[in-house]
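Contents: one structure, followed by commentary.
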Protein chains: 4
Amino acid sequence: MARTQALPIQITTGDPRPIGRQIIDAVRMRIATGALRPGAQLPSVRGLAQQLTINPNTVAKAYAELTAEGWLESRQGLGLYVAEPRQRLSSAERDRRMDEAIQSFVHEVIALDYPPERAMARLDKALAILDRKTA
Amino acid sequence: MARTQALPIQITTGDPRPIGRQIIDAVRMRIATGALRPGAQLPSVRGLAQQLTINPNTVAKAYAELTAEGWLESRQGLGLYVAEPRQRLSSAERDRRMDEAIQSFVHEVIALDYPPERAMARLDKALAILDRKTA
Amino acid sequence: MARTQALPIQITTGDPRPIGRQIIDAVRMRIATGALRPGAQLPSVRGLAQQLTINPNTVAKAYAELTAEGWLESRQGLGLYVAEPRQRLSSAERDRRMDEAIQSFVHEVIALDYPPERAMARLDKALAILDRKTA
Amino acid sequence: MARTQALPIQITTGDPRPIGRQIIDAVRMRIATGALRPGAQLPSVRGLAQQLTINPNTVAKAYAELTAEGWLESRQGLGLYVAEPRQRLSSAERDRRMDEAIQSFVHEVIALDYPPERAMARLDKALAILDRKTA
DNA sequence: GTGGTCTAGACCACA
DNA sequence: GTGGTCTAGACCACG
């Protein structure tokens with residue numbers, strides 16, 4: 001019955017990502033950093049939609065993707081909960097997709113003519129939030 | 001393996017990027033790594049379109065974006081040439097866009113539950129191609 | 001330009017599966033049996049929706065899931081194509097999902113009090129379509 | 001490991017099935033394997049609901065479906081008992097529903113690109129629990 | 001109350 | 001022309 005304290009998901013109009021993706025990223029981030037632990041309940045589709053003043057279908061679609069990816073699990077009629085962590089993708093697929101992310105990042109560094117060392121330094125700092133999930 | 005002066009731009013059907021973006025990325029990459037030096041001439045719109053068997057409009061649009069970004073300059077009636085390097089974006093804008101790229105990368109690391117150190121190591125290796133432009 | 005001959009996807013109102021799922025199953029079946037080979041183009045979202053007289057969004061969602069699962073890949077502005085086969089899920093995840101399917105089947109055999117040997121025989125026959133993909 | 005006469009029905013939150021279905025499946029399984037024999041009494045609606053800490057309505061609905069299917073029979077004021085086995089569905093209907101189950105299984109084998117022989121082997125093993133009801 | 005599915009129609013990016 | 005995203009509102013199953 002008790003919600004998991006606050007889950008202040010925010011959407012930003014200035015953000016280039018579609019709002020569904022913002023929700024997905026935000027939820028994954030909270031799980032990865034330990035702000036949302038396995039078993040925690042998520043805000044209801046309708047509730048979050050109302051809070052963010054967006055369409056419930058957009059929230060439902062985001063939750064559906066997170067469920068398909070194994071981050072959440074639905075308990076019929078009760079709501080959605082954070083699932084136990086499990087390895088869903090094959091190593092090859094993970095490496096393939098990381099390859100794409102790396103290529104994309106490299107292309108952006110080039111496009112901005114950004115100093116590679118500085119890019120690495122900033123990225124290293126940004127990844128620090130994942131260091132310990134026992135936040 | 002060593003790429004020299006020619007510009008063997010390849011487009012890959014399996015690539016998730018739209019082909020216009022593939023061209024842009026490829027040209028910027030060649031300039032950034034020194035494979036294309038300032039003053040070098042690019043293949044004509046029609047020539048490249050024919051070579052890649054794609055729509056000339058797609059090539060023209062890619063070249064237009066590269067020109068707008070300051071990578072290329074057109075010499076009327078002669079064709080497109082690699083421009084002298086210059087700073088186009090403000091520092092603030094560059095930092096803002098690098099921020100976006102970093103956030104995007106971090107989100108992918110999270111989504112894949114990829115070991116951050118390994119991601120950094122692979123990225124570092126990928127960025128090595130930019131180390132010295134005097135290749 | 002040329003479509004891959006006929007792709008007579010059918011939806012049945014009597015089918016208990018939602019129509020989106022019917023599309024997904026049908027496309028996967030055609031790929032698995034070799035009726036659709038890697039590189040083949042699929043009917044357009046709007047085209048298939050019109051042919052089946054259903055909403056284009058339903059088709060789009062089905063195609064999106066097939067793309068997320070790695071069966072299809074989209075080429076911007078050109079359409080959707082059958083992707084090269086690749087192993088996307090980890091072995092553990094595949095075994096876990098097969099476990100669920102087996103449990104579900106066993107429960108149905110029990111519910112119908114169906115002779116297990118006969119169930120196995122019929123299933124064996126149904127799986128025969130996968131024997132050689134070079135149909 | 002060996003299950004005897006008690007009826008230690010368990011519901012699992014990680015199970016994708018709704019809990020009402022879990023109850024139905026569990027009871028049918030126990031009857032099919034002989035763990036529950038004709039004439040045996042089932043836990044009361046309220047008792048089971050309390051034991052599983054779920055809504056009594058859910059238990060009542062599950063029992064109602066099992067009664068409708070002919071697995072249980074109610075003796076007014078005394079409770080619910082396992083019924084004598086009887087053929088409820090026509091052969092045609094049983095075959096039709098087995099068809100659906102088979103199709104569903106085949107679709108999952110395809111979706112997972114799971115080796116058919118291995119799927120059959122695992123299923124055969126899972127069905128072994130039904131071999132002799134005189135366990 | 002919860003999520004899951006479907007329909008309808010709009011707007012955008014890409015080619 | 002293509003797919004991708006979002007909104008709006010309806011109906012169903014589950015608890």
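No side-chain donor from either of B:H107 and A:R21 sits under 3.5 Å from a side-chain acceptor of the other.
Atoms CD and CZ, from D:E93 and D:R97 in turn, are 6.5 Å apart once rounded to the nearest 0.5 Å.
Of the possible polar contacts, none joining the C:R30 side chain to the C:A35 backbone as a donor-acceptor pair under 3.5 Å is found. When atom types are taken as modelled, the side chain of A:R17 and the backbone of A:Q22 share no donor-acceptor pair closer than 3.5 angstrom. Side-chain atoms of A:T67 come within 3.5 Å of backbone N or O of A:Y63 as a donor-acceptor pair. At least one donor-acceptor pair under 3.5 Å links the side chain of D:R94 to the backbone N or O of C:L112. Proximity of a side-chain donor or acceptor of A:Q41 to a complementary backbone N or O of A:L78 within less than 3.5 Å is detected. Side-chain atoms of A:R96 never come within 3.5 Å of backbone atoms of C:R88 as a donor-acceptor pair (strictly under, hydrogens ignored).
Rounded to an integer number of Å, the gap from A:Q22 CD to F:dC6 C1' is 13 Å. Following rounding to the nearest Å, A:I24 (CD1) and F:dC6 (P) show an atom-to-atom distance of 9 Å.
OP1 and OP2 of E:dG3 both lie 4.0 Å or more from every side-chain N or O belonging to A:S74.
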*For DNA chain E, produce a single dot-bracket line, 5' to 3'. Pairs: Watson-Crick or G-U wobble, both distances under 3.5 Å. Symbols: ( ) within strand, [ ] crossing, | other strand, . unpaired.*
||||||||||||||.

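Both C:A64 and A:N57 lie near DNA chain F, and the one whose nearest nucleotide falls closer to the 5' end is C:A64.
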Dump the pairs, protein N or O against N or O of nucleotides 12-15 of chain E, anything under 3.5 Å, distances to one decimal.
from   : atom 1 : to    : atom 2 : distance (Å)
E:dA15 : OP1    : B:I19 : N      : 2.9

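Crowding of C:Q50 atom CD: a count of heavy atoms from other residues, nucleotides or ligands under 6.0 Å not exceeding 12. Residue C:R86 qualifies as enclosed at atom CZ: its count of foreign heavy atoms under 6.0 Å is above 12.
Near DNA chain F, defined here as any heavy-atom distance below 4.0 Å, there are no residues from residues 99-112 of chain C.
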